[in-house]
Amino acid sequence: ALSLAAANGEDDTIYLAAGIYYGQFTFKSSEAQSLTILAETNVLSGQVVLDGQQAGCVLNLDAGSSLANLYLSGLTLRNAGNYGQNVYIRTSGNIILQQCSLLNSYNAQGFNIAGANSVTMTRVNISGGYAYNQPSGGTISSVSSVSFDHCVIQNNLCYVGWSGTPFSGINVNASSFSFTGNQVQFNINGPAVYFSGTSANIANNTFLGNLNQNGNGAYSYPPALYLSCQTASIIANTFSGNNNLYGNSYFSSSGAAAFTCATMVAQGNIFRNNFCNGSGGALSIAGSYFATIANNLIISNSCGQNGGGIY
């Protein structure tokens with residue numbers, strides 16, 4: 001079905017019946033037509049499974065530089081391996097993942113998305129990933145706008161070598177980033193969410209129990225959230241029980257979140273029971289020309305050096 005869709009010059013929709021489909025599945029096309037892959041009507045969540053058996057990329061959707069729009073709904077993609085991904089997507093069009101699960105990638109990533117105009121993830125579960133020196137949750141690069149809405153990013157582990165950079169969850173590079181209503185918890189060797197680009201809106205999320213226990217002198221990032229952008233709005237989030245056991249004086253990255261933004265507003269957030277072995281028990285701010293910190297609750301955080309709450 002994927003081969004036919006790649007060359008028929010039409011918009012295509014592929015319905016999948018309930019079942020487990022083993023192997024690696026590839027769509028490669030230069031056409032600008034849309035592709036939709038979704039579970040059949042009335043099939044329950046989790047009943048359509050694509051399983052890569054740790055042999056590589058599970059679902060490869062490569063539309064190159066064409067303006068193809070790609071839409072996935074109701075799918076579970078699991079067990080990527082061998083430096084692959086549960087899903088790889090490349091297009092210059094728009095990408096939507098809705099009510100999908102990206103699970104248990106081993107020495108691989110949950111997703112890798114590149115070149116799109118926009119990426120929207122709604123109610124996507126990104127869990128159980130393991131990777132070496134790369135984001136185990138996934139990577140989004142060279143995209144205009146990215147939105148995560150009510151997603152779960154949890155139990156992902158990045159093993160970090162001496163020269164590596166830790167990213168336990170997702171690494172996003174885009175012009176704009178909207179991250180609202182998500183649950184980010186129990187990821188190891190963060191940051192669980194890293195964004196670099198122009199503007200970020202981080203609102204109404206929960207960052208719980210993320211841990212950084214590995215790293216080196218240059219790359220001891222915070223375990224929960226790191227933003228490096230021109231403008232950022234961080235509103236009504238909860239950061240609780242996050243721990244940075246590696247933080248040191250070379251890069252004091254904080255126990256929960258760190259922001260390097262020219263202009264930023266942090267308002268109405270809760271920072272509770274976070275710890276950093278270096279400086280900034282809850283929060284670290286650097287390089288900001290204008291920073292507004294207002295009406296936040298910063299309580300019971302601690303550190304090994306300076307700034308038990310904010311550094």
Side-chain angles (χ1 to χ4, degrees), residues 94-99 110-111 113-126 135 137-154 167-185 187 190-208 210 221-240 242 253-254 256-272 274 282-298 310:
N94 302 309
I95 297 169
I96 297 176
L97 273 69
Q98 179 176 322
Q99 294 182 324
F111 61 86
I113 296 173
N117 177 57
S118 69
V119 176
T120 302
M121 292 199 184
T122 304
R123 301 191 183 279
V124 175
N125 182 3
I126 305 161
T139 299
I140 297 175
S141 58
S142 302
V143 172
S144 295
S145 66
V146 176
S147 174
F148 280 73
D149 185 16
H150 288 84
C151 296
V152 175
I153 303 168
Q154 66 180 2
F167 294 108
S168 61
I170 63 171
N171 179 3
V172 177
N173 173 261
S175 295
S176 66
F177 181 43
S178 174
F179 193 78
T180 58
N182 303 286
Q183 185 81 19
V184 183
Q185 59 188 11
N187 301 283
V193 177
Y194 174 87
F195 170 71
S196 62
T198 304
S199 64
N201 176 42
I202 313 296
N204 300 303
N205 305 286
T206 299
F207 296 85
L208 173 66
N210 300 286
Y221 289 127
L225 175 66
Y226 182 78
L227 302 178
S228 177
C229 53
Q230 292 298 310
T231 62
S233 175
I234 306 99
I235 307 295
N237 302 281
T238 297
F239 298 83
S240 179
N242 302 284
S253 56
S254 98
F259 308 132
T260 304
C261 310
T263 302
M264 60 158 289
V265 175
Q267 184 171 344
N269 302 285
I270 298 173
F271 295 87
R272 186 193 304 269
N274 303 287
L283 176 61
S284 176
I285 301 171
S288 294
Y289 296 104
F290 302 99
T292 301
I293 313 296
N295 299 317
N296 301 281
L297 177 63
I298 303 173
I310 302 177

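For the numbers below, each heavy atom of this structure counts, side chains included, while hydrogens, waters and symmetry mates do not.
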Check your understanding: Would you call Thr122 and Val124 a side-chain contact if the rule is heavy atoms closer than 4.5 Å?
Key -> no
Practice item. Might you point out which heavy atoms bring Ala174 and Val146 nearest each other, and give the distance in Å? Key: CB-CG2, 3.7 Å
Point to revise | Any donor-acceptor N/O pair, Asn242 side chain to Phe207 backbone, under 3.5 Å | key: yes
Practice item. Could you pull out all residues at least two apart from Ser196 that satisfy side-chain hydrogen bond (donor to acceptor under 3.5 Å, both in side chains)? Key: Asn173
**Study point:** Criterion side-chain contact (heavy atoms from CB on, under 4.5 Å) on Phe111 and Leu97, from CA distance to verdict
**Key:** CA-CA 11 Å; Phe111 61 86; Leu97 273 69; 5.8 Å; no
Exercise for review: Quick one: which residue pairs count as a side chain to side chain donor-acceptor pair (under 3.5 Å) with a foot in residues 137-148, not counting sequence neighbours?
Suggested key: Gln109-Thr139
**Study point:** Asn187 side chain to Ile153 backbone, donor-acceptor under 3.5 Å
**Key:** yes
Please tabulate, one pair per line, all N/O donor-acceptor pairs under 3.5 Å involving side-chain atoms of residues 175-184, not counting sequence neighbours.
unit_1: Asn182; atom_1: OD1; unit_2: His150; atom_2: N; d: 3.1
unit_1: Asn182; atom_1: OD1; unit_2: Cys151; atom_2: N; d: 2.6
unit_1: Asn182; atom_1: ND2; unit_2: Phe148; atom_2: O; d: 3.2
unit_1: Asn182; atom_1: ND2; unit_2: Thr180; atom_2: O; d: 3.1
unit_1: Asn182; atom_1: ND2; unit_2: Asn205; atom_2: OD1; d: 3.0
unit_1: Gln183; atom_1: NE2; unit_2: Gln185; atom_2: OE1; d: 2.8

Review point. Is any side-chain heavy atom of Leu225 less than 4.5 Å from a side-chain heavy atom of Ile202?
Key: yes
Check your understanding: With a 4.5 Å limit on heavy-atom distance, are the side chains of Met121 and Ile113 in contact?
Key -> yes
Point to revise | By side-chain contact (heavy atoms from CB on, under 4.5 Å) - contacts of Asn94 (at least two apart) | key: Asn69, Asn117, Ser118
Exercise for review: Taking all heavy atoms of Ile95 and all of Ala116, pick out the closest pair and write down the distance.
Suggested key: CD1-CB, 3.7 Å
Revision key, fill the gap. Correct closest heavy-atom pair for Cys229 and Ala232 would be SG-CB, 3.9 Å
Review point. Roughly how far apart are Leu283 CG and Ile285 CD1, rounded to 0.5 Å?
Key: 4.5 Å
Kindly list each side-chain donor-acceptor pair under 3.5 angstrom involving residues 256-271, sequence neighbours excluded, with atom names and distances?
unit_1: Thr260; atom_1: OG1; unit_2: Tyr226; atom_2: OH; d: 3.3
unit_1: Asn269; atom_1: OD1; unit_2: Ala236; atom_2: N; d: 3.2
unit_1: Asn269; atom_1: OD1; unit_2: Asn237; atom_2: N; d: 2.8
unit_1: Asn269; atom_1: OD1; unit_2: Asn237; atom_2: ND2; d: 3.1
unit_1: Asn269; atom_1: ND2; unit_2: Ile234; atom_2: O; d: 2.9
unit_1: Asn269; atom_1: ND2; unit_2: Gln267; atom_2: O; d: 3.4
unit_1: Asn269; atom_1: ND2; unit_2: Asn296; atom_2: OD1; d: 2.9

**Study point:** Residue pair Gly115 / Val143: nearest heavy atoms and the distance that separates them
**Key:** N-CG2, 4.1 Å
Practice item. Please round to the nearest 0.5 Å and tell me the distance separating atom CZ of Phe239 and atom CG of Leu297. Key: 13.0 Å
Point to revise | Heavy-atom check, side chain of Asn204 versus side chain of Ile235, under 4.5 Å | key: no
